[in-house]
Protein chains: 2
Amino acid sequence: MRYSISHKQQTRERLLQSSAALAKTQGFASVGVDGLMKAIGLSGGAFYSHFSSKDELFGSIIERELSQSLERLGAGDAQSRERLDRCLKFYLSMAHVEHAATGCALPSMGAEIARSDVVVREHAQTWICQLHANWARTLESDSLAWAILSQCVGALVVARMLVDPQVQAQVLSSSYQELSRQIADH
Amino acid sequence: MRYSISHKQQTRERLLQSSAALAKTQGFASVGVDGLMKAIGLSGGAFYSHFSSKDELFGSIIERELSQSLERLGAGDAQSRERLDRCLKFYLSMAHVEHAATGCALPSMGAEIARSDVVVREHAQTWICQLHANWARTLESDSLAWAILSQCVGALVVARMLVDPQVQAQVLSSSYQELSRQIADH
DNA sequence: GTCTATACCACGATAGAC
DNA sequence: GTCTATCGTGGTATAGAC
(Lines give C-alpha, C1' and ligand atoms only; values in the text may rest on other atoms or scores of the structure.)
Protein backbone atom coordinates (compact mmCIF):
# COMPACT_ATOMS: atom_id res chain seq x y z
CA MET A 1 0.00 0.00 0.00
CA ARG A 2 1.12 3.51 -0.76
CA TYR A 3 0.08 4.88 2.61
CA SER A 4 1.38 3.76 6.02
CA ILE A 5 -0.88 1.96 8.46
CA SER A 6 -0.92 4.80 10.94
CA HIS A 7 -1.62 7.38 8.25
CA LYS A 8 -5.32 6.52 8.09
CA GLN A 9 -5.67 6.69 11.87
CA GLN A 10 -3.95 10.06 11.96
CA THR A 11 -6.09 11.44 9.15
CA ARG A 12 -9.22 10.14 10.83
CA GLU A 13 -8.20 11.79 14.08
CA ARG A 14 -7.48 15.11 12.36
CA LEU A 15 -10.83 14.88 10.61
CA LEU A 16 -12.66 14.17 13.87
CA GLN A 17 -10.97 17.02 15.69
CA SER A 18 -11.47 19.57 12.92
CA SER A 19 -15.04 18.50 12.18
CA ALA A 20 -16.00 18.71 15.84
CA ALA A 21 -14.74 22.28 16.02
CA LEU A 22 -16.63 23.24 12.85
CA ALA A 23 -19.80 21.51 14.04
CA LYS A 24 -19.68 23.34 17.36
CA THR A 25 -19.22 26.76 15.77
CA GLN A 26 -21.38 26.52 12.64
CA GLY A 27 -23.67 23.61 13.47
CA PHE A 28 -23.15 20.13 12.09
CA ALA A 29 -26.02 20.40 9.60
CA SER A 30 -24.70 23.67 8.18
CA VAL A 31 -21.28 22.43 7.16
CA GLY A 32 -20.90 20.10 4.18
CA VAL A 33 -18.62 17.13 3.62
CA ASP A 34 -16.58 19.22 1.19
CA GLY A 35 -16.05 21.89 3.82
CA LEU A 36 -15.10 19.37 6.48
CA MET A 37 -12.44 17.83 4.24
CA LYS A 38 -11.14 21.12 2.88
CA ALA A 39 -10.57 22.20 6.50
CA ILE A 40 -7.92 19.49 6.83
CA GLY A 41 -6.54 20.03 3.34
CA LEU A 42 -8.22 17.10 1.60
CA SER A 43 -10.85 16.78 -1.11
CA GLY A 44 -14.46 15.84 -0.44
CA GLY A 45 -14.20 12.47 -2.13
CA ALA A 46 -11.60 11.23 0.35
CA PHE A 47 -14.13 11.49 3.17
CA TYR A 48 -15.67 8.09 2.43
CA SER A 49 -12.42 6.27 3.05
CA HIS A 50 -12.92 7.14 6.72
CA PHE A 51 -16.69 7.22 7.28
CA SER A 52 -19.49 5.54 5.37
CA SER A 53 -21.76 8.55 5.78
CA LYS A 54 -21.98 11.99 7.30
CA ASP A 55 -24.30 10.62 9.99
CA GLU A 56 -21.69 8.09 11.04
CA LEU A 57 -19.22 10.95 11.47
CA PHE A 58 -21.74 12.75 13.67
CA GLY A 59 -21.99 9.77 15.95
CA SER A 60 -18.20 9.51 16.22
CA ILE A 61 -17.88 13.23 16.93
CA ILE A 62 -20.42 13.07 19.76
CA GLU A 63 -18.77 9.99 21.22
CA ARG A 64 -15.34 11.61 21.12
CA GLU A 65 -16.51 14.97 22.44
CA LEU A 66 -18.45 13.57 25.36
CA SER A 67 -15.75 11.20 26.55
CA GLN A 68 -13.32 14.10 26.31
CA SER A 69 -15.60 16.37 28.34
CA LEU A 70 -16.08 13.65 30.92
CA GLU A 71 -12.32 13.44 31.32
CA ARG A 72 -12.05 17.17 31.80
CA LEU A 73 -15.05 17.62 34.07
CA GLY A 74 -15.53 14.57 36.19
CA ALA A 75 -13.15 11.71 35.57
CA GLY A 76 -11.84 9.43 38.28
CA ASP A 77 -13.77 7.80 41.07
CA ALA A 78 -13.44 10.50 43.70
CA GLN A 79 -12.79 14.14 43.00
CA SER A 80 -12.50 16.90 45.54
CA ARG A 81 -14.92 19.79 45.81
CA GLU A 82 -11.99 22.06 45.03
CA ARG A 83 -11.55 20.42 41.66
CA LEU A 84 -15.27 20.60 40.98
CA ASP A 85 -15.15 24.29 41.79
CA ARG A 86 -12.31 24.83 39.32
CA CYS A 87 -14.34 23.00 36.67
CA LEU A 88 -17.36 25.20 37.25
CA LYS A 89 -15.20 28.34 37.16
CA PHE A 90 -13.84 27.40 33.77
CA TYR A 91 -17.14 26.15 32.39
CA LEU A 92 -18.83 29.43 33.36
CA SER A 93 -16.07 31.65 31.94
CA MET A 94 -16.12 34.21 29.12
CA ALA A 95 -13.38 32.20 27.41
CA HIS A 96 -15.77 29.26 27.18
CA VAL A 97 -18.56 31.48 25.83
CA GLU A 98 -16.29 32.97 23.19
CA HIS A 99 -14.50 29.82 22.08
CA ALA A 100 -17.23 27.35 21.23
CA ALA A 101 -14.84 25.43 18.96
CA THR A 102 -12.82 24.07 21.87
CA GLY A 103 -15.59 24.05 24.46
CA CYS A 104 -18.15 21.54 25.68
CA ALA A 105 -20.39 20.04 22.99
CA LEU A 106 -23.61 20.13 25.02
CA PRO A 107 -24.43 23.85 24.74
CA SER A 108 -23.47 24.11 21.07
CA MET A 109 -24.81 20.78 19.79
CA GLY A 110 -27.39 19.87 22.42
CA ALA A 111 -30.38 20.59 20.19
CA GLU A 112 -28.84 18.65 17.30
CA ILE A 113 -28.15 15.69 19.56
CA ALA A 114 -31.75 15.84 20.77
CA ARG A 115 -32.92 15.58 17.14
CA SER A 116 -30.57 12.75 16.20
CA ASP A 117 -31.35 9.03 16.18
CA VAL A 118 -31.72 6.84 19.24
CA VAL A 119 -28.26 5.28 19.01
CA VAL A 120 -26.51 8.62 19.37
CA ARG A 121 -28.81 9.71 22.18
CA GLU A 122 -28.22 6.47 24.05
CA HIS A 123 -24.51 7.19 23.91
CA ALA A 124 -25.10 10.73 25.09
CA GLN A 125 -27.28 9.50 27.94
CA THR A 126 -24.63 7.05 29.10
CA TRP A 127 -22.03 9.76 29.25
CA ILE A 128 -24.26 12.36 30.86
CA CYS A 129 -25.34 9.90 33.55
CA GLN A 130 -21.71 9.04 34.21
CA LEU A 131 -20.81 12.69 34.72
CA HIS A 132 -23.86 13.10 36.92
CA ALA A 133 -22.90 10.09 39.00
CA ASN A 134 -19.41 11.46 39.59
CA TRP A 135 -20.68 14.88 40.62
CA ALA A 136 -23.42 13.35 42.77
CA ARG A 137 -20.82 11.32 44.65
CA THR A 138 -18.69 14.39 45.26
CA LEU A 139 -21.66 16.51 46.31
CA GLU A 140 -23.55 13.75 48.09
CA SER A 141 -26.72 14.81 46.30
CA ASP A 142 -28.31 13.43 43.14
CA SER A 143 -30.62 16.36 42.61
CA LEU A 144 -27.96 19.00 43.18
CA ALA A 145 -25.74 17.30 40.60
CA TRP A 146 -28.51 17.39 37.98
CA ALA A 147 -29.27 21.00 38.78
CA ILE A 148 -25.62 22.02 38.39
CA LEU A 149 -25.31 20.22 35.08
CA SER A 150 -28.46 21.85 33.74
CA GLN A 151 -27.46 25.29 34.90
CA CYS A 152 -23.99 25.08 33.37
CA VAL A 153 -25.35 24.07 29.97
CA GLY A 154 -28.16 26.63 30.13
CA ALA A 155 -25.91 29.49 31.16
CA LEU A 156 -23.73 28.94 28.11
CA VAL A 157 -26.67 28.67 25.74
CA VAL A 158 -28.17 31.87 27.11
CA ALA A 159 -24.89 33.80 27.24
CA ARG A 160 -23.99 32.88 23.64
CA MET A 161 -27.27 34.27 22.36
CA LEU A 162 -26.53 37.72 23.78
CA VAL A 163 -24.52 40.48 22.12
CA ASP A 164 -23.35 42.59 25.03
CA PRO A 165 -20.30 41.04 26.75
CA GLN A 166 -21.24 42.71 30.01
CA VAL A 167 -24.63 41.00 30.10
CA GLN A 168 -22.97 37.74 29.09
CA ALA A 169 -20.58 38.06 32.02
CA GLN A 170 -23.52 38.81 34.30
CA VAL A 171 -25.26 35.58 33.30
CA LEU A 172 -22.09 33.61 34.00
CA SER A 173 -21.23 35.20 37.32
CA SER A 174 -24.82 34.95 38.53
CA SER A 175 -24.93 31.26 37.73
CA TYR A 176 -21.61 30.66 39.43
CA GLN A 177 -22.59 32.67 42.47
CA GLU A 178 -25.90 30.86 42.96
CA LEU A 179 -24.28 27.49 42.38
CA SER A 180 -21.59 28.20 44.96
CA ARG A 181 -24.23 29.14 47.49
CA GLN A 182 -26.18 25.97 46.80
CA ILE A 183 -23.10 23.81 47.18
CA ALA A 184 -22.04 25.54 50.38
CA ASP A 185 -25.53 25.37 51.91
CA HIS A 186 -25.85 21.70 51.17
CA MET B 1 -56.97 42.75 -6.30
CA ARG B 2 -58.08 39.14 -6.29
CA TYR B 3 -57.15 38.59 -2.66
CA SER B 4 -58.57 40.49 0.34
CA ILE B 5 -56.37 42.78 2.36
CA SER B 6 -56.49 40.62 5.43
CA HIS B 7 -55.72 37.46 3.45
CA LYS B 8 -52.01 38.25 3.24
CA GLN B 9 -51.80 38.97 6.95
CA GLN B 10 -53.57 35.73 7.77
CA THR B 11 -51.34 33.70 5.46
CA ARG B 12 -48.27 35.37 6.90
CA GLU B 13 -49.43 34.54 10.40
CA ARG B 14 -50.12 30.91 9.49
CA LEU B 15 -46.69 30.70 7.88
CA LEU B 16 -45.00 32.16 10.95
CA GLN B 17 -46.79 29.82 13.32
CA SER B 18 -46.21 26.69 11.26
CA SER B 19 -42.59 27.55 10.44
CA ALA B 20 -41.78 28.23 14.07
CA ALA B 21 -43.09 24.80 15.05
CA LEU B 22 -41.07 23.11 12.30
CA ALA B 23 -37.94 25.09 13.18
CA LYS B 24 -38.21 24.10 16.83
CA THR B 25 -38.63 20.41 16.08
CA GLN B 26 -36.34 19.89 13.09
CA GLY B 27 -34.05 22.90 13.29
CA PHE B 28 -34.49 25.96 11.09
CA ALA B 29 -31.53 25.13 8.84
CA SER B 30 -32.79 21.61 8.19
CA VAL B 31 -36.17 22.54 6.76
CA GLY B 32 -36.43 24.09 3.30
CA VAL B 33 -38.67 26.84 1.97
CA ASP B 34 -40.61 24.25 0.01
CA GLY B 35 -41.29 22.25 3.17
CA LEU B 36 -42.32 25.35 5.12
CA MET B 37 -44.87 26.31 2.47
CA LYS B 38 -46.15 22.79 1.87
CA ALA B 39 -46.88 22.61 5.61
CA ILE B 40 -49.53 25.32 5.18
CA GLY B 41 -50.76 23.97 1.86
CA LEU B 42 -48.98 26.41 -0.44
CA SER B 43 -46.23 26.08 -3.02
CA GLY B 44 -42.64 27.15 -2.46
CA GLY B 45 -42.79 30.02 -4.90
CA ALA B 46 -45.47 31.82 -2.91
CA PHE B 47 -43.05 32.22 0.00
CA TYR B 48 -41.43 35.33 -1.45
CA SER B 49 -44.70 37.27 -1.44
CA HIS B 50 -44.35 37.28 2.35
CA PHE B 51 -40.63 37.34 3.08
CA SER B 52 -37.72 38.48 0.94
CA SER B 53 -35.49 35.66 2.16
CA LYS B 54 -35.39 32.69 4.48
CA ASP B 55 -33.18 34.68 6.85
CA GLU B 56 -35.82 37.40 7.14
CA LEU B 57 -38.32 34.72 8.13
CA PHE B 58 -35.90 33.49 10.80
CA GLY B 59 -35.74 36.95 12.33
CA SER B 60 -39.52 37.24 12.36
CA ILE B 61 -39.90 33.80 13.92
CA ILE B 62 -37.51 34.65 16.73
CA GLU B 63 -39.20 37.98 17.34
CA ARG B 64 -42.63 36.36 17.49
CA GLU B 65 -41.51 33.42 19.63
CA LEU B 66 -39.71 35.50 22.20
CA SER B 67 -42.46 38.07 22.66
CA GLN B 68 -44.89 35.18 23.04
CA SER B 69 -42.69 33.50 25.64
CA LEU B 70 -42.32 36.76 27.50
CA GLU B 71 -46.09 37.04 27.63
CA ARG B 72 -46.46 33.53 29.00
CA LEU B 73 -43.57 33.66 31.44
CA GLY B 74 -43.20 37.14 32.76
CA ALA B 75 -45.59 39.72 31.37
CA GLY B 76 -46.98 42.57 33.41
CA ASP B 77 -45.15 44.81 35.81
CA ALA B 78 -45.63 42.87 39.00
CA GLN B 79 -46.29 39.16 39.17
CA SER B 80 -46.71 37.08 42.28
CA ARG B 81 -44.31 34.35 43.32
CA GLU B 82 -47.20 31.94 42.98
CA ARG B 83 -47.49 32.72 39.28
CA LEU B 84 -43.74 32.41 38.85
CA ASP B 85 -43.92 29.03 40.54
CA ARG B 86 -46.63 27.89 38.12
CA CYS B 87 -44.47 29.05 35.21
CA LEU B 88 -41.49 27.06 36.47
CA LYS B 89 -43.66 23.99 37.01
CA PHE B 90 -44.85 24.08 33.43
CA TYR B 91 -41.49 24.97 31.95
CA LEU B 92 -39.87 22.04 33.77
CA SER B 93 -42.55 19.53 32.79
CA MET B 94 -42.39 16.38 30.68
CA ALA B 95 -45.04 17.88 28.41
CA HIS B 96 -42.62 20.70 27.59
CA VAL B 97 -39.80 18.24 26.95
CA GLU B 98 -41.95 16.15 24.63
CA HIS B 99 -43.66 18.93 22.73
CA ALA B 100 -40.88 21.13 21.45
CA ALA B 101 -43.13 22.45 18.68
CA THR B 102 -45.29 24.46 21.07
CA GLY B 103 -42.63 25.11 23.71
CA CYS B 104 -40.10 27.85 24.39
CA ALA B 105 -37.74 28.66 21.53
CA LEU B 106 -34.63 29.10 23.67
CA PRO B 107 -33.82 25.41 24.34
CA SER B 108 -34.60 24.27 20.80
CA MET B 109 -33.18 27.20 18.82
CA GLY B 110 -30.71 28.73 21.26
CA ALA B 111 -27.65 27.53 19.41
CA GLU B 112 -29.03 28.69 16.06
CA ILE B 113 -29.81 32.10 17.52
CA ALA B 114 -26.27 32.27 18.90
CA ARG B 115 -24.92 31.65 15.37
CA SER B 116 -27.21 34.16 13.66
CA ASP B 117 -26.39 37.76 12.79
CA VAL B 118 -26.15 40.62 15.25
CA VAL B 119 -29.57 42.08 14.47
CA VAL B 120 -31.38 38.92 15.54
CA ARG B 121 -29.24 38.54 18.63
CA GLU B 122 -29.86 42.15 19.65
CA HIS B 123 -33.55 41.43 19.50
CA ALA B 124 -33.11 38.25 21.49
CA GLN B 125 -31.07 40.12 24.08
CA THR B 126 -33.80 42.73 24.51
CA TRP B 127 -36.44 40.11 25.20
CA ILE B 128 -34.26 38.02 27.45
CA CYS B 129 -33.27 41.03 29.50
CA GLN B 130 -36.91 42.05 29.80
CA LEU B 131 -37.87 38.63 31.11
CA HIS B 132 -34.93 38.74 33.47
CA ALA B 133 -35.95 42.17 34.73
CA ASN B 134 -39.48 40.98 35.48
CA TRP B 135 -38.29 37.92 37.36
CA ALA B 136 -35.65 39.92 39.20
CA ARG B 137 -38.32 42.34 40.40
CA THR B 138 -40.48 39.50 41.65
CA LEU B 139 -37.58 37.72 43.32
CA GLU B 140 -35.75 40.84 44.47
CA SER B 141 -32.51 39.38 43.13
CA ASP B 142 -30.77 39.96 39.81
CA SER B 143 -28.44 37.01 40.13
CA LEU B 144 -31.15 34.56 41.19
CA ALA B 145 -33.24 35.59 38.18
CA TRP B 146 -30.35 34.90 35.79
CA ALA B 147 -29.64 31.58 37.47
CA ILE B 148 -33.25 30.46 37.17
CA LEU B 149 -33.41 31.42 33.51
CA SER B 150 -30.21 29.53 32.76
CA GLN B 151 -31.29 26.47 34.68
CA CYS B 152 -34.68 26.29 32.98
CA VAL B 153 -33.15 26.45 29.50
CA GLY B 154 -30.37 24.02 30.40
CA ALA B 155 -32.68 21.47 31.98
CA LEU B 156 -34.72 21.27 28.79
CA VAL B 157 -31.66 20.98 26.56
CA VAL B 158 -30.24 18.21 28.73
CA ALA B 159 -33.54 16.34 29.16
CA ARG B 160 -34.27 16.38 25.41
CA MET B 161 -30.93 14.72 24.66
CA LEU B 162 -31.76 11.72 26.83
CA VAL B 163 -33.71 8.63 25.78
CA ASP B 164 -35.03 7.28 29.07
CA PRO B 165 -38.15 9.18 30.21
CA GLN B 166 -37.37 8.35 33.83
CA VAL B 167 -34.00 10.05 33.65
CA GLN B 168 -35.56 12.98 31.81
CA ALA B 169 -38.10 13.34 34.64
CA GLN B 170 -35.27 13.17 37.15
CA VAL B 171 -33.48 16.08 35.50
CA LEU B 172 -36.67 18.15 35.55
CA SER B 173 -37.69 17.40 39.12
CA SER B 174 -34.15 17.95 40.40
CA SER B 175 -33.98 21.34 38.73
CA TYR B 176 -37.39 22.32 40.07
CA GLN B 177 -36.55 21.10 43.54
CA GLU B 178 -33.26 22.98 43.76
CA LEU B 179 -34.84 26.12 42.30
CA SER B 180 -37.65 26.03 44.85
CA ARG B 181 -35.14 25.74 47.65
CA GLN B 182 -33.12 28.68 46.30
CA ILE B 183 -36.22 30.85 46.00
CA ALA B 184 -37.45 29.93 49.47
CA ASP B 185 -34.05 30.48 51.09
CA HIS B 186 -33.65 33.88 49.50
C1' DG C 1 -51.20 36.16 -4.01
C1' DT C 2 -50.34 31.84 -5.79
C1' DC C 3 -49.06 28.73 -9.25
C1' DT C 4 -45.63 26.18 -12.41
C1' DA C 5 -41.30 26.24 -14.40
C1' DT C 6 -36.73 27.14 -14.11
C1' DA C 7 -32.00 28.96 -13.16
C1' DC C 8 -28.31 28.11 -10.30
C1' DC C 9 -25.76 26.32 -6.69
C1' DA C 10 -24.56 23.12 -2.81
C1' DC C 11 -25.22 18.87 -0.93
C1' DG C 12 -24.24 13.65 -0.02
C1' DA C 13 -22.42 9.97 -2.21
C1' DT C 14 -20.13 7.03 -5.99
C1' DA C 15 -16.72 5.65 -9.88
C1' DG C 16 -12.37 5.19 -11.76
C1' DA C 17 -7.56 6.92 -12.39
C1' DC C 18 -3.28 7.18 -9.79
C1' DG D 1 -5.80 6.84 0.51
C1' DT D 2 -6.62 10.64 -2.31
C1' DC D 3 -7.86 12.86 -6.43
C1' DT D 4 -11.14 14.54 -10.17
C1' DA D 5 -15.36 13.96 -12.32
C1' DT D 6 -20.00 12.98 -11.99
C1' DC D 7 -24.77 11.55 -10.74
C1' DG D 8 -29.00 12.63 -8.45
C1' DT D 9 -31.21 15.35 -5.29
C1' DG D 10 -32.64 19.23 -2.83
C1' DG D 11 -31.64 23.93 -1.61
C1' DT D 12 -32.72 29.32 -2.37
C1' DA D 13 -34.49 32.40 -5.29
C1' DT D 14 -36.64 34.35 -9.68
C1' DA D 15 -39.89 34.79 -13.96
C1' DG D 16 -44.14 34.83 -16.02
C1' DA D 17 -48.94 33.01 -16.43
C1' DC D 18 -53.34 33.35 -14.00
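Note that the structure is a prediction, hence the values are computed from the model and not measured. Note on naming: letters A, B, ... go to the chains in the order of the sequence lines (proteins, then strands), and numbering restarts at 1 for each one.
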Distance-only donor-acceptor pairs under 3.5 Å for side chains of residues 154-168 of chain B, two or more places apart:
unit_1, atom_1, unit_2, atom_2, d
B:R160, NE, B:V97, O, 3.0
B:R160, NH2, B:H96, O, 2.8
B:D164, OD1, B:Q166, N, 2.9
B:Q168, NE2, B:A159, O, 3.0
B:Q168, NE2, B:L162, O, 3.2

Donor-acceptor pairs are to be reported for all side-chain atoms of residues 25-50 of chain A against protein atoms at under 3.5 Å, with residues two or more places apart or in another chain.
unit_1, atom_1, unit_2, atom_2, d
A:T25, OG1, A:A21, O, 3.0
A:T25, OG1, A:L22, O, 3.1

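If you measure from atom CZ of B:R12 to atom P of C:dT2, you get 13 Å, rounded to the nearest angstrom. Across the protein-nucleic acid pair, B:D34 atom CG and C:dT2 atom P stand 15 Å apart, rounded to whole Å. The distance between atom CD of A:Q9 and atom P of D:dG1, rounded to the nearest whole Å, is 11 Å. When the C1' atom of C:dG12 is taken as reference, atom CD of A:E56 falls 14 Å away, rounded to whole Å. For the pair B:M37 CE and C:dT2 P, the interatomic distance rounds to 7 Å; values are reported in whole Å. Rounded to whole angstrom, the span from the CZ atom of A:F51 across to the P atom of C:dT14 amounts to 15 Å.
Rounded to 10 degrees, the angle separating the terminal helix axes of the helix from C:dG1-D:dC18 to C:dC18-D:dG1, each built from five base pairs, is 0°.
Contacts of A:Q10 classified as side-chain contact (heavy atoms from CB on, under 4.5 Å), with partners at least two apart in sequence or in another chain: A:S6. Scanning for side-chain contact (heavy atoms from CB on, under 4.5 Å) contacts around A:R81 gives A:T138, A:E140, A:I183, A:H186, with sequence neighbours left out. Remark: A:R64 pairs with A:E13 by the side-chain hydrogen bond (donor to acceptor under 3.5 Å, both in side chains) rule, at least two apart or across chains. Partners of B:S143 under the side-chain hydrogen bond (donor to acceptor under 3.5 Å, both in side chains) rule, at least two apart in sequence or in another chain, are A:E178. Judged as a ring pair (Phe, Tyr, Trp, His ring centres under 6.0 Å), and not counting sequence neighbours, B:H99 has no contacts. Under the salt bridge (charged side-chain N to carboxylate O under 4.0 Å, His left out) criterion, A:K89 pairs with A:D85, sequence neighbours left out.
For DNA chain D, the neighbouring residues in residues 38-49 of chain B, judged by any heavy atom under 4.0 Å, are B:G45, B:Y48. Of the residues in residues 15-29 of chain A, not one comes within less than 4.0 Å of DNA chain D through any heavy atom.
Checking C:dG12, D:dG1, C:dT2 against every side-chain atom of A:K54, the shortest atom distance belongs to C:dG12.
A continuous path of Ile, Leu, Val, Met, Phe, Trp and Tyr side chains, each step under 4.5 Å between heavy atoms, connects A:Y176 with A:M94, placing both in one hydrophobic cluster.
The phosphate of C:dT2 (OP1 or OP2) has a side-chain N or O of B:T11 nearer than 4.0 angstrom.
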Exercise for review: Give the C-alpha distance, both sets of side-chain angles, the deciding distance and a yes or no for side-chain contact (heavy atoms from CB on, under 4.5 Å) between B:L172 and A:W146.
Suggested key: CA-CA 9 Å; B:L172 298 179; A:W146 280 128; over 6 Å; no
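Sequence neighbours left out, not one pair with a member in residues 46-63 of chain A passes salt bridge (charged side-chain N to carboxylate O under 4.0 Å, His left out).
Toward the 5' end of DNA chain C, the nearer of the two residues A:G35 and A:S52, judged by each one's closest nucleotide, is A:G35.
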